[in-house]
4 protein chains.
Amino acid sequence: MNNKIKRSSPSSEQRAELQKLRILKAARTCFIQDGLHAGTIARISETAQMSPGLIYRYFSSREEIVLGLMRLQVKAGFGPGIAGLTPKVVTARICEYLRRWLAGDPDVPSPPLILEMSAESTRNEAIAKHVVDADKEARASLIAWLTDLSTQAGETVSEKEIQIRAMALGCFIDGLVLRAAREPDLDMEIVEKSMDSLMAMVVPSPPRKAT
Amino acid sequence: MNNKIKRSSPSSEQRAELQKLRILKAARTCFIQDGLHAGTIARISETAQMSPGLIYRYFSSREEIVLGLMRLQVKAGFGPGIAGLTPKVVTARICEYLRRWLAGDPDVPSPPLILEMSAESTRNEAIAKHVVDADKEARASLIAWLTDLSTQAGETVSEKEIQIRAMALGCFIDGLVLRAAREPDLDMEIVEKSMDSLMAMVVPSPPRKAT
Amino acid sequence: MNNKIKRSSPSSEQRAELQKLRILKAARTCFIQDGLHAGTIARISETAQMSPGLIYRYFSSREEIVLGLMRLQVKAGFGPGIAGLTPKVVTARICEYLRRWLAGDPDVPSPPLILEMSAESTRNEAIAKHVVDADKEARASLIAWLTDLSTQAGETVSEKEIQIRAMALGCFIDGLVLRAAREPDLDMEIVEKSMDSLMAMVVPSPPRKAT
Amino acid sequence: MNNKIKRSSPSSEQRAELQKLRILKAARTCFIQDGLHAGTIARISETAQMSPGLIYRYFSSREEIVLGLMRLQVKAGFGPGIAGLTPKVVTARICEYLRRWLAGDPDVPSPPLILEMSAESTRNEAIAKHVVDADKEARASLIAWLTDLSTQAGETVSEKEIQIRAMALGCFIDGLVLRAAREPDLDMEIVEKSMDSLMAMVVPSPPRKAT
DNA sequence: AATGAATGAGCCTTCATTCAT
DNA sequence: TATGAATGAAGGCTCATTCAT
């Protein structure tokens, strides 16, 4: 009774956060399997191994779960992390992501879910806000990346030119997500090569070091 | 009252086809407004100005309507019609399509619906088949188009190179669809320019006519 | 197939009205048995011998049923009909009503339900409106009745005096309703006599016909 | 930390009684606000500033709380305390009570709650018992009071006559409770005057003290 | 004694589908 | 063909109650 000092036992808040995460993960699984609209609370609660009622201790409604999931997805976006990377690496990363998805890795942002959420953003304002925010961030980081590379290469380009390049690259990548959802046997070799040429078009070759 | 010999009344098959179309158009309207999963039979029947019961004479289930709609959407795809067009015209066409969608034109294939159907194809085999078919067709026609242009330009390229180009262009266009759904105020000027540069990359400049 | 002229088959609107009434009657039964809050849609639909879903074709929500029931109850109030009656008859009527309730007559406005609705009117604005309206009507008709009798008797009384009498009589009657709910073996003989003396107090004895 | 010998700490029984009271008071607050059926254990526990679980140490079920509350309400009834008071004072007391309720005083027995409990007594035997007991007590004390006054005035009246008077006065007062629940802007001046005349009718004028 | 997380039965409501007319 | 009333199986959500700590 006295040495109940359970070291590293999670605080109540931490526990709550963990539960939320558990629910979101379960929701993700269900939504990917059944669709954003067909995934039911009952199935989510089964997947999360808790009672339906408990879910409502952590989320006030089903929609709140969807939003929570968006936030998660957004955080996991590859946008933020590309600063400083070479085009090769960025390409490799995206291909790696697609490959994992195609291989059935459940821990990777799900293209179909991204599509459904994008579609939903047309109708649901709350979701729209999240999508827009995520988009802005992604675009900004892409533009920053392209600008950096451009500067490093000694190139002088207008802001608009950068925007055009970002649009080309960004849409291509978005298109890959759409493709990944539709084409389970996407030919990744072709994808990689086409992305290489796009990168070549969009990113200036670095200045030769020597003469 | 009995001998109402309707002269030139459409054959029963034609009539059935017309009814089906009426239902599909109504379904389209509803699905765009409410989403592929939220559009209810009740609303569709209202929109089509017929009773819910009647719908089941032409479609055996709600899902059958969704499939019927896919078939329609597929036929309306812009893939088939690009043969012989110049890159400029193709670009203009796609931009025109996007512009109309952004302006709210209800007669244009709906990006959110395309996204939802693509997502749904992950789960529903029947839908998947349609999507795959449409994709194949679109890809084939894109490849044919690129090959034609290449040949006309006197270029000699491998089939794989063409595939790579088709992937670049195709994904870019798919990405535009995704963007259109998410970004109601997409900057079309940027889009057009970035598509121009992509076209330039993917399509060889035609041989000079004369010396 | 030809002589389908079902004479006196109810029109669609009439049918709807009948269904509504069927639901309201069932609701009444359930609410009296289980209470205004415990009576469930499931039980109502059983009692009305229809599916739960069907109820929602006629009432948009459970609360709408409660309100509908109020309207019914209000219409059945004895207020409106007392004009022209002698005190004796009014007394007899009210006693008759109580007796029938105590005897278990299910077609008589239910005191417990009246109490619950009165209580609910403290919290639910829509219900409050109905209650207030019914109250106003009842009070007005009581005042008119008392004024009439007073005039007939050749009495000259201020409006306020009438209000005071109406309050005395009205509260007494309301109190009877409360009593009826609480005391299943209410002594009706006592009730009648006490009501008689109240009437005597509140209503002037008519002028002697002769010298 | 261990030998916390709380001197003069209340006996466990006393403590239990205090806790019960705390719960009942909280329940009362909640039930008045939300209704007898809508007031949830969760809200009660919040209001009482204790955990939901703890409530079940003192009451075995929600219904037990309702019953406990009845007992409390009954004890607080004004019935017992009127012995020896003059009609004026009794009238004043009741009017005072109504005025406080209408003014929003939360410490006064709540008319809506009384109504709901009366209604509930039709269905719940345990509650019915309490209500009946309270009623009996109230009636008895009212009869005793009227008998006293009658005797003091030198009047000789049958027991039945007293019962009739008690019925008139009792129902009137009950009716006031109903009115108070329904009519937030009850005209207390009228109420008071009508109660005065009722008292005059029911209570004999005291004998002149001197010649 | 006390907490509050967890349970699960049950409620209101929706909607694809059927069927008598 | 056509109608639209009717069905009933879920689905989202609440809340009295329990129980590990």
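Owing to the predicted nature of the structure, the values given are computational and were not obtained by experimental measurement. Each chain gets a letter, A, B and so on, in the order its sequence line appears, and its residues count up from 1.
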Colleague: Can you check whether Tyr58(C) has a side-chain N or O nearer than 4.0 Å to OP1 or OP2 of dA6(F)?
Modeller: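 The answer is yes; a side-chain N or O of Tyr58(C) sits under 4.0 Å from OP1 or OP2.
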Colleague: Determine, step by step, whether Glu120(A) and Val131(A) satisfy the side chain to side chain contact (heavy atoms under 4.5 Å, CB included) criterion, reporting the C-alpha distance in whole Å, the side-chain angles of both residues, the deciding distance to 0.1 Å, and the verdict.
Modeller: CA-CA 10 Å; Glu120(A) 196 58 17; Val131(A) 168; over 6 Å; no
Colleague: Assign each of Gly53(C) and Ile55(A) to its nearest nucleotide of DNA chain E by heavy atoms, then name whichever residue's nucleotide is nearer the 5' end.
Modeller: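 On the 5' side of the pair lies Ile55(A).
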Colleague: So which nucleotide from dA5(F), dG12(F), dT17(F) ends up closest to the side chain of Arg57(C)?
Modeller: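 So the nucleotide nearest the side chain must be dA5(F).
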Colleague: Identify whether the distance between the nearest side-chain nitrogen and carboxylate oxygen of Arg123(D) and Glu116(C) falls below 4.0 Å.
Modeller: yes
Colleague: Starting from C1' on dA5(E), measure out to CD on Glu17(A) and report it in whole angstrom.
Modeller: 16 Å
Colleague: Round to a whole Å and report the spacing from CD1 of Ile44(D) to C1' of dG4(E).
Modeller: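 My rounded result for the distance is 17 Å.
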Colleague: On DNA chain F, compare the nucleotides closest to Ala42(A) and Ala16(B); which residue's is nearer the 5' end?
Modeller: Ala16(B)
Colleague: Any side-chain N or O of Tyr56(D) below 4.0 angstrom from OP1/OP2 of dT17(F)?
Modeller: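 True: Tyr56(D) side-chain N/O within range (under 4.0 Å) of dT17(F) OP1/OP2.
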Colleague: What pattern of brackets, bars and dots sums up DNA chain F from 5' to 3', given Watson-Crick or G-U wobble pairs under 3.5 Å, [ ] for crossing pairs and | for another strand?
Modeller: .||||||||||||||||||||
Colleague: Spell out, as yes or no, whether a donor-acceptor pair under 3.5 Å connects the side chain of Ser60(D) to the backbone of Tyr56(D).
Modeller: no
Colleague: How many Å lie between CD on Gln14(C) and P on dG4(F), as a whole number?
Modeller: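 Whole-Å distance recorded here is 17 Å.
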Colleague: Nearest whole angstrom, please: distance from the P of dC12(E) to the CZ of Arg62(C).
Modeller: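 After rounding, the gap between these two atoms is 5 Å.
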Colleague: With no hydrogens and no angle check, do the side chains of Gln33(D) and Arg43(D) hold a donor and an acceptor under 3.5 Å apart?
Modeller: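 Present: a donor and an acceptor within the cut-off.
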Colleague: Within the 3.5 Å criterion, strictly below it, is a donor on His130(C) or Gln73(C) matched to an acceptor on the partner's side chain?
Modeller: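 Distance-only check fails for His130(C) and Gln73(C).
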Colleague: Hey, does Ser61(B) reach any base, or is it just sugar-phosphate, or nothing, if we go heavy atoms under 4.0 Å?
Modeller: sugar-phosphate
Colleague: Do any side-chain nitrogens or oxygens of Gln19(C) fall under 4.0 Å of OP1 or OP2 in dA6(F)?
Modeller: yes
Colleague: Any idea which of dT3(F), dA5(F), dC12(E) is nearest the Ile41(C) side chain?
Modeller: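 Between dT3(F), dA5(F), dC12(E), the one nearest the side chain of Ile41(C) would be dC12(E).
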Colleague: Measuring to OP1 and OP2 of dA5(F), would you say a side-chain N or O of Arg22(C) lies under 4.0 angstrom away?
Modeller: no
Colleague: Going by heavy atoms in the side chains, are Ile32(C) and Thr122(D) under 4.5 Å from each other?
Modeller: no
Colleague: Round to a whole Å and report the spacing from NE2 of His37(D) to C1' of dC11(E).
Modeller: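 After rounding, the reported distance stands at 15 Å.
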Colleague: Using whole Å, what does the distance between atom P of nucleotide dC12(E) and atom CG of Leu36(C) come to?
Modeller: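 To the nearest whole Å, that distance equals 12 Å.
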Colleague: Is any side-chain heavy atom of Phe59(C) closer than 4.5 Å to one of Leu24(C)?
Modeller: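 Heavy-atom side-chain distance check passes, below 4.5 Å.
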Colleague: Select one nucleotide: of dA2(E), dT7(E), dG12(F), the one nearest the side-chain heavy atoms of Thr40(A).
Modeller: dG12(F)
Colleague: Which residue lies toward the 5' end of DNA chain E, Leu54(B) or Leu54(D), if each is placed at its nearest nucleotide?
Modeller: Leu54(D)
Colleague: Tell me the interatomic distance from Phe59(A), atom CZ, to dG11(F), atom P, rounded to whole angstroms.
Modeller: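 Atom-to-atom, Phe59(A) to dG11(F), this comes out as 20 Å.
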Colleague: Any side-chain N or O of Arg15(B) below 4.0 angstrom from OP1/OP2 of dA2(F)?
Modeller: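 It does, given that an N or O in the side chain of Arg15(B) lies less than 4.0 Å from OP1 or OP2 of dA2(F).
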Colleague: Working to the nearest 0.5 angstrom, can you tell me the gap between Thr47(B) OG1 and Ile23(B) CD1?
Modeller: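 Going from OG1 on Thr47(B) over to CD1 on Ile23(B), the span is 11.5 Å.
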Colleague: Without decimals, in angstroms, what is the distance between Met50(B) CE and dT17(E) P?
Modeller: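 Atom-to-atom, Met50(B) to dT17(E), this comes out as 17 Å.
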Colleague: dT7(F), OP1 or OP2 - any side-chain N/O from Ser51(C) closer than 4.0 Å?
Modeller: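 Yes, within the criterion.
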